[in-house]
Each structure stands twice: as C-alpha cells, then as structure tokens.
Novice: 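What follows is a structure written as structure tokens; I'll ask about it next.
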Number of protein chains: 2
Amino acid sequence: MADGDVVRFRPQRPAPPQTSQQGLEDRLKSLFGSAVIAVSAFPGQHFFLEGDPASGIHIVRRGSVILYSITEAGGRHIQQIARAGDCFAVDFSHPHRLNAQALTEADTWHLPRRAVSLAVDSEPEARNFVFNLMDQQLRAARFKSELLSSRSAIQKCAAFLLTIEQPAGAGGEAPLTRIALKRVDIADYLGLTLETVSRMFNRLKKEGLIELPRHDAFRIADRARMNALARDLQPGEFALAS
Amino acid sequence: MADGDVVRFRPQRPAPPQTSQQGLEDRLKSLFGSAVIAVSAFPGQHFFLEGDPASGIHIVRRGSVILYSITEAGGRHIQQIARAGDCFAVDFSHPHRLNAQALTEADTWHLPRRAVSLAVDSEPEARNFVFNLMDQQLRAARFKSELLSSRSAIQKCAAFLLTIEQPAGAGGEAPLTRIALKRVDIADYLGLTLETVSRMFNRLKKEGLIELPRHDAFRIADRARMNALARDLQPGEFALAS
DNA sequence: CGTTATATTGAAGCTCATCAATGAGCGTGG
DNA sequence: CCACGCTCATTGATGAGCTTCAATATAACG
C-alpha cells in the first residue's frame, strides 16, 4: 500500500494517466509478462457487451472508449469515457454490467482475468498496480456523479470540456483539443439533450470562455472563468449578455 | 480472485451487506484480529473530514453514515449513504476526499490502514475481502450516477425509496420502513430540492404507489408500478390524475 | 452536386427551483 | 397541561431552465 506510485488527487479531473505511454507499456510487461494482449477496434466496435463474462482489465492506449448501459426505455447512459491511459472494466469478478464500445479507432491492452489473478496473488507490485486501477475507477465514478448532481447545464458542459482538454505543453500555446464525441454522446454522458449541449457550447463561445472554430475542436480561452464555472458557482455569477 | 464470496449483482440495488451481522464480525476478527476497532458516534458527529489522512476501512454495524462533499457555493453533495453492512472510505491510499458524518447513532468497525495493509500483503483471504469491499464501493458509486442521470424527480424518488426499503421477512406483511434522512438530506443525495422531494413523496402517496402514514416512515403499496418507475419508463407512462 | 449525418437555431411547453407562507411534531418551561 | 419556540415538512405561486418538436444550416463523402 505504498504511496509512491499512487496518483495524486486532482480536483475537477478524473483519473489521469498515471505514467507516460512507454512507461506504462514497460510496467505492464514487467508485471504481467506475455499475458498482455494488444486489442484494437474500429469506431463502433465493441470490446465486450453487458452480460459477457468478466474479461479482466482493459487499458486504453490510443483513442476513446465509452462504457454505457441501455435503460428499459431505450435511453443510453454513458457511464465512463476512457481515454489514453484510462482503464476500464477493472471490476473483474462479475459479468460485465456495461457495454464497451470504441468511439474512435482505439488500441488497448487487455490483461486477461486469469493472468491478473495469478499476478495479484504472487506479486506485491502487481497487487499495488491493480489497487491503483480500482481506485482510479472509483474516483472516475465519483467524479461523474459529482458532475451530474445539481449542476446546471452550462456548468456540466464547462466541466466536461475542462475534463477532456489536452493541456498545453510546457510554455507552448494551448493547442486545439479535438472533441471526439458527437453532441448526442456528450448529452448521454452528461444527462442532457444534444440540443442543450449544442446551445451551451455556443453560449460559452459567445461569452468568450472558449474558442470553437469547428464543431469538433475547441480551446479554453478564459481559463479562470471556466474553472469558476466548473466548480460550483452561484447561479447568478455567470451573467450572460442577453 | 475466487468468485465464491463475491456479492452477486442485483440491479437497482447498491451493494447489499454481504453477510449477517454476526458472520461479518467473525470474519473481520479472523482476518484482521485485534486490529478491528469499534467506533461509535452520535448523530452529527464526524468519523473523519475531507483532507484527513487516509484512515483505512470503515464498516457500518448499526445506523446510517453519510459521505458528503461541500461545493464552493456552499452546496452539499451526499455521495453515499452507508447503512448497516455497507463499507465506506475503502479507498485508503489518499487523504479522505469526503466527510463522513453519522446521521443517526451509529456503530462502526474501523480497520486501520496499516493493519489492512499488512493483512492484504500476507493473507489471500484478507486480500479477497478488501477487493470485494472496493468492488462494493465502485458499484455503489455507479448506482448513484445512474440514479442521477436523466431521471425525472419522480423516478429518482421512487428509486430512492426502493433502495432504502427494508424488504419483508419471508411470508410476512411488508413492514414500515423508517426514513432516517430528513428531506433536505434526501434532496442533497438525489440532486433535488427538499420541496421537490416532499412533493414527489406525496405524489407517490396520492397515486397509491406508497403508503406514507408519517413523514418518516413508508411502505411500498404497489411494487410493480414502483419498479416500473424506478427503472426507466417513458415519461408518459406514469400518468397522474390531474 | 446530391445525399446523408450531424449540428445549430427557434418556439412552445413542462419540470423543477425558488421564494414565501402555513402546518405538524416535539420538547421546554411556565 | 398548555403556551411557546424550534425544527422539519408541506403546500402554493411564480419563473428560469431544460426538453421537445420542428426547421434549417453545415460538414463529409460518394
């Protein structure tokens, strides 16, 4: 339970990747050896479906994967958006309760359930690693329910954009961040409608909080105000030009 | 990673207690020996506060404990309501990110961080136990975010009541379930206002879905319709007398 | 180009929050 | 025992915010 490689808590950010790409790959190989399987998928393909037997741990190497469930009324609820460095399905003792679908072209590493089980039983390092992944999942889930509760649509959207933002490299100008999700996907993630998401994005643009040169790319223009919004501002404090 | 004592997934229910009171106590003693500490609190007292160093695992023996955070605007967000058999703060590698407050008189077991750490490293049984607790936490968090997303107030309230309901003993009449939380607590948990919670409860009563003889006790009167509501019905399917 | 998928924008209506007043329950002290 | 104060729940009126339905615009691609 050493604290050494535990990811530090960052408010307003769900589980960030814990190491660099290469470092992570090395780590996986050293902990799980040849059991590490590379799995890729095209947009729309599923890694697994609800009800499938537990498959083990999945880690995103490239692209985006959504974890969703379907309600009886046919509504889709996106529980998690896993991006490079994020893990999913770490809860490996049950049949899957969510569908895992590639949103973009996506490469992942798959650690089969049995290999994880063996490694965890024999290797303290592996155990620690898996604990951290579970913790990462837990924090992602908490972050999401915090996002959903009692925030207005504009706050949810601002928080969402801050979450998916690719921060600037040291010193450089902040780059444009691609929005890999369609409006309807974002809506299903935030518990809004696609129209509302669209309206809020354009409101943030009009107010100068973000740049939105294309419908699928943005840049934070006023970070202070974005942060204030994404935290929990008094409703009136985000006065809009009428 | 044996499946043997893993809690089976139950839709619409967060992590149920995994064993009986006595069984759980025996299990704890055998796994963690004398490290198990009994901790009690009066209503309103805190077990720990946000920012406190990680304390280890807590398990509720009697009463209710709420886990909440405070937003910058002063709003309270109740992340989890832990009742007898539930665990909290299993994520033990970080400073606490939530406040843990006794809602009622509450008795808990506390497994200090270090003792857990030692046991997990040496005892496969203990490891398994802790994994299950983490999984329980994760499922509770997922359940909550499902509860919050895209459900109407009436659905949230119905789902909440089903969640806290004490099911009938075999064959017997369903007992009245005490509502330990105040309206404002329920509201902070569901992301609603206390007035809306009150209105929805009374609407469910008027429609004959529940009995509500006192403001702090209820019984499910029409389980089929309650279940249908708590799942995800088409908006129109819950027609109310106007 | 024309076609399809996605995004934006508008208008109307419904749900829920807000503000405000009233009611019910309960303990305390006269 | 009743009056008072306190806490919590209920109920009403109003308005803001979001969804819904519908129309239009933009982008991607053959």
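Reminder, nothing fancy here: chain letters follow the sequence lines and each chain counts from 1. Please read these numbers as outputs of a predicted model, since none were measured by experiment.
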Novice: Could you check how far CD1 of A/I186 sits from C1' of D/dC18, rounded to whole Å?
Specialist: 17 Å

Novice: For residues 194-201 of chain B, please give each side-chain donor-acceptor pair under 3.5 Å, one per line with the distance, not counting sequence neighbours.
Specialist:
unit_1	atom_1	unit_2	atom_2	d
B/T196	OG1	B/T193	OG1	3.0

Novice: Please give, in whole Å, the distance from C/dC26 C1' to B/D216 CG?
Specialist: 12 Å

Novice: How many Å lie between CD on A/Q155 and P on C/dA17, as a whole number?
Specialist: 14 Å

Novice: Tell me every residue that passes side-chain hydrogen bond (donor to acceptor under 3.5 Å, both in side chains) with A/R178, counting only those two or more places apart in sequence or in another chain.
Specialist: A/D216

Novice: A/P213 or A/L192: which one's nearest nucleotide on DNA chain D is closer to the 5' end?
Specialist: A/L192

Novice: Apply side-chain hydrogen bond (donor to acceptor under 3.5 Å, both in side chains) to B/S69 and list each qualifying residue two or more places apart in sequence or on a separate chain.
Specialist: none

Novice: List for me each residue that meets side-chain hydrogen bond (donor to acceptor under 3.5 Å, both in side chains) alongside B/E105, sequence neighbours excluded, and say none if there are none.
Specialist: B/R62

Novice: To the nearest Å, how far apart are B/I154 CD1 and C/dC16 P?
Specialist: 8 Å

Novice: Specify the separation, in whole Å, of atom CG of B/L190 and atom C1' of C/dT15.
Specialist: 16 Å

Novice: Could B/R97 and A/E146 be called an ion pair, given the rule that one side-chain N must be under 4.0 Å from one carboxylate O?
Specialist: no

Novice: Tell me, please, which residues at least two apart from A/K205 pass side-chain contact (heavy atoms from CB on, under 4.5 Å).
Specialist: A/N202, A/I210, A/L212

Novice: Please report the distance, rounded to the nearest Å, between CG in B/L148 and P in C/dC16.
Specialist: 14 Å

Novice: For nucleotides 7-13 of chain C, just jot down a letter per nucleotide in 5' to 3' order: B, S or -, based on protein non-hydrogen atoms under 4.0 Å.
Specialist: SBBBB--

